[in-house]
Amino acid sequence: MSGLHPSSPRPTEIRLHQASRLLEIKFDDGIRGMLSCELLRVYSPSAEVRGHGHGQEVLQVGKQEVNITAVEPVGNYAIKLTFSDGHDTGLYSWDYLYELSVETDTLWQTYLDKLAAAGQQRKGSV
């Protein structure tokens, strides 16, 4: 998890849309992220997902129906998300949420490519 740098954009609004399974984040530089719960879950910054070093990442499968059940602030630098599958160990810094917001399309395609390479398929839609 990257930390909060003084020049980093900060969220001005965070809204959870549970029906559509989207987390909307508006930043003070005008960037607006619409992050699916699935994307946030499969890119969790937790050790459970990322492992404890390069190459130890764990591909997350079957997360297309996951939702966020709680959003908790962590100081002035992050939020903790609790997911409907029980996952709740990742802290999402403002820097990381900004990165996810800006790189959503690329990260999503990378995830789909990893699923395909592992012989896995998504069921349903984002």
Side-chain angles (χ1 to χ4, degrees):
M1 174 179 75
S2 57
L4 178 63
H5 302 290
S7 62
S8 294
R10 294 176 185 251
T12 57
E13 186 176 346
I14 299 174
R15 300 178 103 192
L16 176 60
H17 303 279
Q18 283 189 312
S20 58
R21 294 190 307 273
L22 292 171
L23 186 69
E24 178 181 7
I25 305 172
K26 295 179 183 176
F27 291 91
D28 61 7
D29 69 348
I31 292 293
R32 176 176 166 252
M34 293 296 285
L35 305 173
S36 72
C37 294
E38 182 179 6
L39 180 92
L40 288 160
R41 177 62 178 86
V42 301
Y43 281 102
S44 171
S46 69
E48 177 185 329
V49 173
R50 288 198 174 177
H52 292 283
H54 184 68
Q56 295 182 356
E57 299 86 2
V58 178
L59 181 63
Q60 303 297 298
V61 297
K63 302 300 180 186
Q64 58 270 11
E65 298 298 323
V66 75
N67 210 333
I68 294 172
T69 58
V71 179
E72 300 173 53
V74 177
N76 291 319
Y77 67 93
I79 55 175
K80 177 183 174 186
L81 301 177
T82 301
F83 293 90
S84 57
D85 66 356
H87 182 73
D88 67 353
T89 57
L91 296 182
Y92 294 77
S93 71
W94 301 152
D95 289 347
Y96 189 55
L97 289 166
Y98 189 82
E99 177 185 337
L100 291 173
S101 297
V102 172
E103 299 294 329
T104 300
D105 293 340
T106 300
L107 292 168
W108 184 251
Q109 188 59 55
T110 298
Y111 174 63
L112 294 177
D113 292 346
K114 286 180 180 179
L115 283 176
Q120 299 288 328
Q121 284 188 327
R122 284 186 75 256
K123 294 175 181 70
S125 61
V126 178

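Owing to the predicted nature of the structure, the values given are computational and were not obtained by experimental measurement.
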* To do: Walk me through it: do R21 and E65 pass the test side chain to side chain contact (heavy atoms under 4.5 Å, CB included)?
  => CA-CA 8 Å; R21 294 190 307 273; E65 298 298 323; 3.6 Å; yes

* Shortest non-hydrogen contact from S44 toward G90 -> OG-CA, 4.0 Å

* Structure fact -> Smallest heavy-atom separation, N76 atom then R10 atom, equals O-NH1, 3.9 Å

* Does some side-chain heavy atom of L97 sit less than 4.5 Å from a side-chain heavy atom of L40? ->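 Counting from C-beta outward, L40 and L97 do come under 4.5 Å.
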
* Taking side chain as C-beta onward, heavy atoms only, is S8 less than 4.5 Å from W94? ->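 The answer is no, as the side chains (C-beta and beyond) never meet within the 4.5 Å cut-off.
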
* Is E13 atom CD crowded by more than 12 heavy atoms from other residues, nucleotides or ligands, each under 6.0 Å away? -> yes

Could you grab the distance from atom [atom1] of [X] to atom [atom2] of [Y], nearest 0.5 Å is fine?
{"X": "L81", "Y": "E72", "atom1": "CG", "atom2": "CD", "value": "9.0 Å"}
{"X": "K80", "Y": "S46", "atom1": "NZ", "atom2": "OG", "value": "11.5 Å"}
{"X": "Y92", "Y": "I14", "atom1": "OH", "atom2": "CD1", "value": "12.5 Å"}
{"X": "L100", "Y": "L39", "atom1": "CG", "atom2": "CG", "value": "6.0 Å"}
{"X": "E38", "Y": "R122", "atom1": "CD", "atom2": "CZ", "value": "4.0 Å"}
{"X": "L16", "Y": "I79", "atom1": "CG", "atom2": "CD1", "value": "9.5 Å"}

* Asked: Checking side-chain hydrogen bond (donor to acceptor under 3.5 Å, both in side chains) for the pair D113/Q109: CA distance, chi angles, key distance, verdict?
  -> CA-CA 6 Å; D113 292 346; Q109 188 59 55; 2.8 Å; yes

* Can you sort out the partners of E48 under salt bridge (charged side-chain N to carboxylate O under 4.0 Å, His left out), two or more places apart, ordered by chain and number? =>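 If we apply the salt bridge (charged side-chain N to carboxylate O under 4.0 Å, His left out) test to E48, skipping adjacent residues, the hits are R41.
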
Would you find a donor on one side and an acceptor on the other, under 3.5 Å apart, between the side chain of [X] and the backbone of [Y]?
{"X": "Y96", "Y": "A78", "result": "no"}
{"X": "T69", "Y": "T82", "result": "yes"}
{"X": "Q18", "Y": "I68", "result": "yes"}

* Hey, mind stepping through V42 and L115 against side chain to side chain contact (heavy atoms under 4.5 Å, CB included) and telling me if it holds? -> CA-CA 11 Å; V42 301; L115 283 176; over 6 Å; no

* Pairs where residues 13-61 contributes a residue and the test ring-ring contact (aromatic ring centres under 6.0 Å, His included) is met, not counting sequence neighbours ->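 The answer is F27-Y98.
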
* Show your reasoning for whether side chain to side chain contact (heavy atoms under 4.5 Å, CB included) applies to V49 and V58. => CA-CA 5 Å; V49 173; V58 178; 5.8 Å; no

* To do: Keeping to residues at least two apart or across chains, list the salt bridge (charged side-chain N to carboxylate O under 4.0 Å, His left out) pairs with something in residues 52-63.
  =>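 Sorted result for residues 52-63: K63-D85.
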
* Asked: Any salt bridge (charged side-chain N to carboxylate O under 4.0 Å, His left out) pairs touching residues 27-36, not counting sequence neighbours?
  -> E24-R32

* Asked: Does S101 have any side-chain hydrogen bond (donor to acceptor under 3.5 Å, both in side chains) partners at least two apart in sequence or in another chain, and if so, which?
  ->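 So S101 forms no side-chain hydrogen bond (donor to acceptor under 3.5 Å, both in side chains) with any residue.
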
* To do: Could you check T104 against M34 for side chain to side chain contact (heavy atoms under 4.5 Å, CB included), going step by step and ending with a plain yes or no?
  => CA-CA 9 Å; T104 300; M34 293 296 285; over 6 Å; no

* **Contacts of type side chain to side chain contact (heavy atoms under 4.5 Å, CB included), residue A118, not counting sequence neighbours** => L59, Q120

